A.B. asks: 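One structure is given below, represented as structure tokens, and several questions about it will come after.
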Amino acid sequence: MQKPSIPKGTRDFTPEEMANRNYIFNTIKSVFQLYGFQQIETPAMENLSTLMGKYGEEGDKLLFKILNSGDFISGTTDEELLERNSTKLTGKFAEKGLRYDLTVPFARFVVQNRDKISFPFKRYQIQPVWRADRPQKGRYREFYQCDVDVVGSDSLLNELELIQIVDEVYRRLKINVCIKINNRKILSGIAEIIGEAEKITDITVAIDKMDKIGLEKVNEEIASKGITQSAIDKLQPILKLSGSNAEKLFQLKTVLSGSETGLKGVAELETIFNLCESVGISTKIELDLTLARGLNYYTGAIFEVKALDVEIGSITGGGRYDNLTGVFGMEGVSGVGISFGADRIYDVLNQLNLYPETSAEQTQILFVSFGEKELMYCLPWLKSLRNSGINAEIYPEPSKMKKQMGYADNKNIPFVAIVGETEMKEGKVMLKNMKTGEQKLMSLDEIMTGVKN
RNA sequence: GUGGUUAUAGCUCAGUUGGUUAGAGCGUCGGAUUGUGGUUCCGAAGGUCGCGGGUUCGAGCCCCGUUUUCCACCCCA
């Protein structure tokens with residue numbers, strides 16, 4: 001006998017769990033559609049060449065590669081095998097990989113299908129992605145992302161709409177969140193001002209950890225990357241900026257007065273804040289200069305959403321990228337998007353127990369019977385109920401009452417229709433309300449209204 | 001990739017300094033109750049103690065390896 005198991009970092013979902021997950025997906029989906037986004041899907045696997053090099057060195061390691069079918073070893077020489085260079089050999093053994101996120105496949109999609117889409121293109125995509133990470137709290141090897149992106153528009157109105165979407169999704173899900181916002185141009189400006197422009201990635205990665213490891217450790221990490229002490233000293237007042245968003249922006253303007261890029265970033269954020277002000281966003285938005293985000297294709301605004309009542313990593317994140325399609329040969333197309341981490345949202349909802357009580361997916365009425373004749377008698381009833389949109393099922397074999405009732409109880413079915421000799425003679429069924437225990441002989445019409453209430 | 005941690009029935013977990021036949025609750029199945037579930041009572045089935053090796057007269061317990069779980073780091077949703 002084989003012990004059943006699934007790969008590490010993956011999960012099964014029971015019907016109850018799926019009902020809860022669908023609640024999340026449906027909520028997110030309906031808000032996306034409210035703003036005019038259209039759904040696309042892309043394959044689970046992409047050509048490795050599409051994925052490699054897009055997520056940095058670390059990302060390449062975390063890609064799941066798919067072994068070539070057939071004799072995958074045939075294209076390799078003995079010398080290559082003896083070399084035991086796994087990076088080189090993966091290129092020979094695997095030419096496909098599982099998608100790591102939805103943004104890069106989307107960029108590929110846009111370039112490949114540009115004749116069929118009109119810009120600005122607003123798309124959403126809800127699909128699983130895979131990362132060969134070590135699983136831990138809130139981190140899985142297979143998880144869903146819910147991406148919304150607009151490509152082909154530079155307008156900051158898009159940033160505003162994404163913020164509105166975040167606001168609305170979490171309002172509907174009843175999760176208290178805080179939106180953190182920053183701008184890559186500001187970060188670049190800072191790096192420029194302190195004279196370490198080319199170390200921008202190291203600097204951002206380090207200051208991204210600010211709220212986790214604190215100022216001192218951040219400085220240590222920056223120093224370890226070979227950044228001069230005078231540059232670090234210049235960085236300190238910036239890292240310690242405080243006050244309201246407007247105050248921070250005001251101070252930044254003086255600090256970044258020598259950097260054109262930096263000032264542009266400040267101006268962008270100012271516009272975004274003003275737009276938010278004018279439409280009214282109920283979620284708290286905070287300018288956080290320590291927000292950097294790892295993915296290095298971001299070039300403008302960057303966002304991150306944190307749940308306030310649960311200790312978990314960010315549950316939504318994104319930003320603007322000026323030239324994502326460039327690598328696929330389509331220059332000058334700017335995009336901005338965010339990604340909802342459905343699995344982390346699911347964890348948050350589980351911890352706070354914020355699911356709606358009744359699920360639309362549930363069976364409303366179960367037919368219980370005593371024999372073949374009764375089963376046949378039920379079939380037209382079932383058909384009518386289903387035609388009028390009532391979820392109905394029948395216990396498919398004439399088992400003991402206890403068993404059939406137990407089935408209804410386990411599935412939390414609110415009504416049971418009992419059918420035997422007496423009911424058939426009367427042309428009715430015995431409808432039992434499982435919560436109150438009341439039961440009554442009823443006709444079809446009476447059942448329709450009874451079940452609906 | 002680094003460090004720690006976990007693994008015993010379908011599930012959640014007990015299991016003494018290493019000592020006879022490895023236990024409980026829940027769930028499942030049967031019965032009390034042949035037209036009534038969620039309560040109660042009785043009974044039954046269900047185990048290669050993750051896997052492989054070692055120490056020992058004897059291993060669920062100790063040692064090594066491996067896989068797995070969870071956690072932290074790296075990184076990230």
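Proteins come first, then strands; the chains are lettered A, B, ... in the order of their sequence lines, and each starts at number 1. Keep in mind the model is a prediction, meaning the values are calculated, not measured.
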A.B. asks: Please state the P separation for the pair B:rG60 and B:rG31 - nearest whole angstrom.
C.D. replies: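 It works out to 38 Å between them.
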A.B. asks: Rounded to whole angstroms, how far apart are NZ on A:Lys137 and P on B:rC76?
C.D. replies: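 So the NZ-P distance, A:Lys137 to B:rC76, works out to 21 Å.
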A.B. asks: Starting at CG of A:Asp60 and ending at C1' of B:rC75, how long is that distance when rounded to a whole Å?
C.D. replies: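 Rounded to whole Å, this separation is 13 Å.
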A.B. asks: Can you tell me if the side-chain N/O atoms of A:Gln145 get under 4.0 Å from OP1 or OP2 in B:rA77?
C.D. replies: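 Looking at the OP1 and OP2 atoms of B:rA77, neither is under 4.0 Å from any side-chain N or O of A:Gln145.
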A.B. asks: Sticking with atom P, work out how far B:rA32 lies from B:rG15, rounded to a whole angstrom.
C.D. replies: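 Their P atoms lie roughly 39 Å apart.
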A.B. asks: How close do A:Cys178 and A:Glu286 get, counting heavy atoms only, and between which atoms?
C.D. replies: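 Smallest heavy-atom distance, with atoms named: SG-OE1, 4.0 Å.
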A.B. asks: Are the ring of A:Phe143 and the six-membered base ring of B:rA77 within the stacking cut-offs of under 5.5 Å and under 30°?
C.D. replies: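 Yes.
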A.B. asks: Kindly check if the number of other-residue, nucleotide or ligand heavy atoms within 6.0 Å of CD (A:Glu446) is above 12?
C.D. replies: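 Atom CD in A:Glu446 is packed in, count exceeds 12.
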A.B. asks: Taking all heavy atoms of A:Thr42 and all of A:Gln127, pick out the closest pair and write down the distance.
C.D. replies: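 Scanning both residues completely, I find the closest heavy atoms to be N-OE1, 2.9 Å.
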A.B. asks: Would A:Glu220 and A:Lys217 count as a salt bridge (Lys or Arg N to Asp or Glu O under 4.0 Å) if you check the C-alpha gap in whole Å, the side-chain angles of each, and the deciding distance to 0.1 Å?
C.D. replies: CA-CA 5 Å; A:Glu220 274 173 37; A:Lys217 290 262 167 91; 5.8 Å; no
A.B. asks: Is A:Asp133 salt-bridged to A:Arg141, cutoff N-O under 4.0 Å?
C.D. replies: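 No.
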A.B. asks: For every nucleotide of nucleotides 26-38 of chain B, 5' to 3': is a protein heavy atom under 4.0 Å from its base (B), only from its sugar-phosphate (S), or from neither (-)?
C.D. replies: --SS-S---BBBB
A.B. asks: Closest heavy-atom contact between A:Asp167 and A:Ser282?
C.D. replies: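 So the two residues come closest at OD1-OG, 3.2 Å.
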A.B. asks: Taking only the C1' atom of each, what is the distance from B:rG46 to B:rC29 in whole angstrom?
C.D. replies: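 10 Å, rounded to whole Å.
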A.B. asks: Does the base of B:rC75 carry an N or O that pairs as donor and acceptor with the side chain of A:Arg139 under 3.5 Å?
C.D. replies: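 Pair found.
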A.B. asks: Would A:Arg21 pass as a cation-pi partner of A:Tyr346, given that its NZ or CZ must be under 6.0 Å from the six-membered ring centre and within 45 degrees of the axis?
C.D. replies: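 Yes, A:Arg21 sits over the ring of A:Tyr346.
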A.B. asks: Please figure out whether A:Gly317 or A:Gln136 has its closest RNA chain B nucleotide nearer the 5' end.
C.D. replies: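 Here A:Gln136 is the residue nearer the 5' end.
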A.B. asks: For the C1' atoms, the ones on B:rA45 and on B:rG37, what distance do you get once it is rounded to whole angstrom?
C.D. replies: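 It works out to 24 Å between them.
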A.B. asks: Which atoms form the tightest heavy-atom contact between A:Asn412 and A:Gln362, and what is the distance?
C.D. replies: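 Minimum heavy-atom contact is O-NE2, 2.7 Å.
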A.B. asks: Would you measure the distance from the C1' atom in B:rU39 across to the matching atom in B:rU33 and give it in whole Å?
C.D. replies: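 The same atom, C1', in both gives a distance of 14 Å.
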A.B. asks: Looking only at the side chain of A:Arg134 (C-beta and beyond, no hydrogens), which of the listed nucleotides B:rA77, B:rG3, B:rC74 gets closest?
C.D. replies: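 Nearest to the side chain of A:Arg134 among the choices is B:rG3.
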A.B. asks: Report the distance from atom CD1 of A:Ile315 to atom P of B:rC76, rounded to the nearest whole Å.
C.D. replies: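 Computing the A:Ile315:CD1 to B:rC76:P distance gives 18 Å.
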A.B. asks: In whole Å, what separates the C1' atom of B:rU20 from that of B:rU12?
C.D. replies: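 To the nearest whole Å, 29 Å.
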A.B. asks: Quick one: list whatever passes side chain to side chain donor-acceptor pair (under 3.5 Å) with A:Lys209, sequence neighbours left out.
C.D. replies: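 Partners of A:Lys209 under the side chain to side chain donor-acceptor pair (under 3.5 Å) test: A:Glu221.
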A.B. asks: Report the stems of RNA chain B as range-with-range entries sorted by first number; a stem here is at least three consecutive pairs, Watson-Crick or G-U wobble, both distances under 3.5 Å, and write none if there are none.
C.D. replies: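 For RNA chain B the paired stretches long enough to count as stems (3 pairs minimum) are B:1-4 with B:70-73, B:10-13 with B:23-26, B:28-32 with B:40-44, B:50-54 with B:62-66.
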